[in-house]
Each structure stands twice: as C-alpha cells, then as structure tokens.
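Below: one structure, written as structure tokens.
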Amino acid sequence: MHVTAIIAAGGSGTRLGADGPKQFLDLGGRPMLEHCVRALSDHPRISELIVVLPAETAAAPPEWLSACAKVRVVAGGARRQDSVANAFDTIDGSDVVLIHDAARPFVSADLISRSIDAAAAFGAAIAATRVSDTVKQVTPREGGPVVAGTIPRDSIYLAQTPQAFRMEVLAKAVALGRSGVAATDEAALAEETGHIVHVVEGDVENVKITTAADLARARARVTAGRTPRAGAGYDLHRLVDGRPLVIGGVAIHSGKGALGHSDADVACHAATDAVLGAACLGDIGRHFPDTDPRWKGASSIELLRQAAALVREAGHEIVNVDVVVVLERPKIAPHLQAIRDGLAAALGIPADRVSVKGKTNEGMDAVGRGEAIAAHAVALILSR
Ligand code: MG
C-alpha cells in the first residue's frame, strides 16, 4: 500500500512569538515542524511526505528539511484547504493520503497506523478523542451565557489530525473545496461529499499547540527527564604576519593573523570542542583531522556547524555556549555582536544563547606579547 502523508504547515501566523511562524518555533532544540516530519517520515508505512510551507519558505526550505528522505516541499495557499489542495495536486498516485497538522508535534506511530488502517478500510477516517467533561449547550444572555441544555457527551468527539483518506475520496473533497466550499478540515469536505467519515480513537497526548501556555507545556514535556551536560573547549594559535585574523567567522583587520592548517579560528575551535565534549563525542581533531586534505583551508564556522549537527544527531539539544577570546590586540569589542551572530547561526541556536567576551593577557606570556591568540569555551547541552 502506497501511503502519502501531507503536513499542513503553510500558516504564517506569528501569534505565539516574534521568532516567526509557530511551526518553526523551538521545541526542545528542534523546530516544532521537525517533530512532525520525523514522526511521519520515520513511520515505515509512509512512502512519501509532502510538507506544505508558506511560499517564501518553500522557495528556500531549511537545510534539515531538504536533507530528509521521503520529503517534498510544496508552497501553501491562502487557507489550509488551499495548502492541502496544492499538495494533493503533486501526488502521482497513492492508495491512502494522510493529512497532519504541524501544530501537533506529538503524534504517535500507533495513531498514524490506526488512521491509515481505518482510511484503507472505510475510505475516510479522523483521529478524535472523547470528552470527559459534561458538555453544555449555551445561549448568550445579558450578564453572560446561560445553559440551554445538556448534550449527551457520548455524542461528542474532538477532532484531531491525522485525518486519512483513500485517494479517490480525498480527490472529491478537494474538488468540492475548489468549488467554493470552505472548511476547517478535510473531513468536513469529505462529509459534504456524502462520504461516511470514520472515527479512530485519538490520543490525548496528541495536543494542538495554539497558545503560549500550550507551547510552554510542550517544551517542558520535551525536556523532562533530560540531563544537562557541560563541555569545555580550549584553543591557541600562533599569530604571524600576513595571515587573516578570523574570530568566530568574522575577519578582523589586524597586522597579524593566526597560523594554522585551517583558518585557525580559535573561537570556533574552542566552541567546537566544547559542544563535542559535552556530548562525549571526542574533539575537533577526531572529526576534522588536519591531516585530511578535505579540511585544508576549511572555514571553521563550517566545522562548528558540522559538530553541532553531530551533537544534535546524537539526540542532544544545545542550550548555550560561552566563549572567552584572549588576545592582546586589536580590541574585539566592536566585532562581538557579529561574532555572536555567526557562532549562533553555526550552532543553530538563537544569538541570545551565545556569549563572547574579549580579554587581554595583561602583557604576560606569549599571548600577552602578541605572539598568540587563545580561546576558552563552555557549552551546555541537554542530553536525550
Ligand atoms: Mg585550533
């Protein structure tokens, strides 16, 4: 059975924060969307995954997404149903199409399987949960709403996603949506076409993240039980005439630069060792040996980016990094923000979680005499 999954992540609402659309907000060191993408793309019964993104993001999708096997990115439309229709148009034959909302990052493999099975058997199925509270019908009154009646709660289910359909059933629903019928989910369109939509038992853990409180609870859930781990890094390079001075990826005008096989960026090298050290993954020399011609002249920012990716692949979240650069001259204060921004981008964390400080060595030793530059770094990660 060929199963296509669609993640509807075309919304550009920024209600949950200034950091952009909610599907890209951080949830335990990864964007919320990545949790959904992993859950679906790792599922053995899903053959392909279409991720619908806002048009501007779809034109240049994040690297982690482009790197995912099974994944195709499609530009979304004005409404959710338009986004799903855009994705549907790109499907080249499938038995079952499963639609999931990017705001539900905790979808389980079992729930995905149940939804696929029900759609294959009945043509259309949604995950939904029973209500445990007594349900009241109310009417507005001056002074506040009043109860008009009690609805038997056995008749009430709260719809979630996944919603799954046989291809031909979804085709009719999408066509109805295109004819001008508006709906907040595809099941409503399928109902309008006259198809019976079955309910599979949803999952109370499969919450939809809508409010700041939802996001805070989700973050607490993701990080619960994780252990903080610290790592240290240190580096030193000789300063010689005729070399560029690169600190944290920023080229700084100076009479001297650091001597080394690569660009000899002490801030990056110390930060790289700190994050690798926190994850017990060895050090920069193990992963990027200077005997390997691949790393000759390599940008150390790129090595830091790769090290951060290794740490993340091992299941850790990078919390923060603090770097001390020890250098007699020139003063690096004017460049600190640029260095922080560059390190943060390479580490894949916000710049407000990267600190960089400049120190001199008070004229003492090789660093103090201007013959060398050194850096220390500390990284904190949360283990899996
Ligand atoms: Mg070095």
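Computation of the quantities below employed the complete heavy-atom set of this structure, encompassing side-chain atoms and omitting hydrogens, waters and symmetry-equivalent molecules. The chain is numbered in sequence order, starting from 1. Ligands are counted one by one from 1 in listed order, and the atoms in each one are counted from 1 as well.
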>> Whether R312 and E34 form a salt bridge (side-chain N of Lys/Arg under 4.0 Å from carboxylate O of Asp/Glu) is what I want to check.
In response: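 Looking at R312 together with E34, the answer is no, because their closest N to O distance does not fall below 4.0 Å.
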> Do the charged groups of R130 and E201 touch, with an N to O distance under 4.0 Å?
Replying inline: yes
>> Less than 4.5 Å apart, side chain to side chain, heavy atoms only: is that true for I209 and L25?
In response: no
>> Taking the side chain as everything from C-beta on, heavy atoms only, tell me whether E186 gets closer than 4.5 Å to T161.
In response: no
> Who passes side chain to side chain donor-acceptor pair (under 3.5 Å) against T360, sequence neighbours left out?
Replying inline: none
> Which count of protein N, O or S atoms is obtained for distances strictly below 2.8 Å from the Mg ion (ligand 1)?
Replying inline: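 With waters ignored, the protein N/O/S count below 2.8 Å is 4.
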> Parallel under 30°, tilted from 30 to 60°, perpendicular over 60°: which one fits the rings of Y234 and H376?
Replying inline: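 Geometry flag for H376 against Y234: tilted rings.
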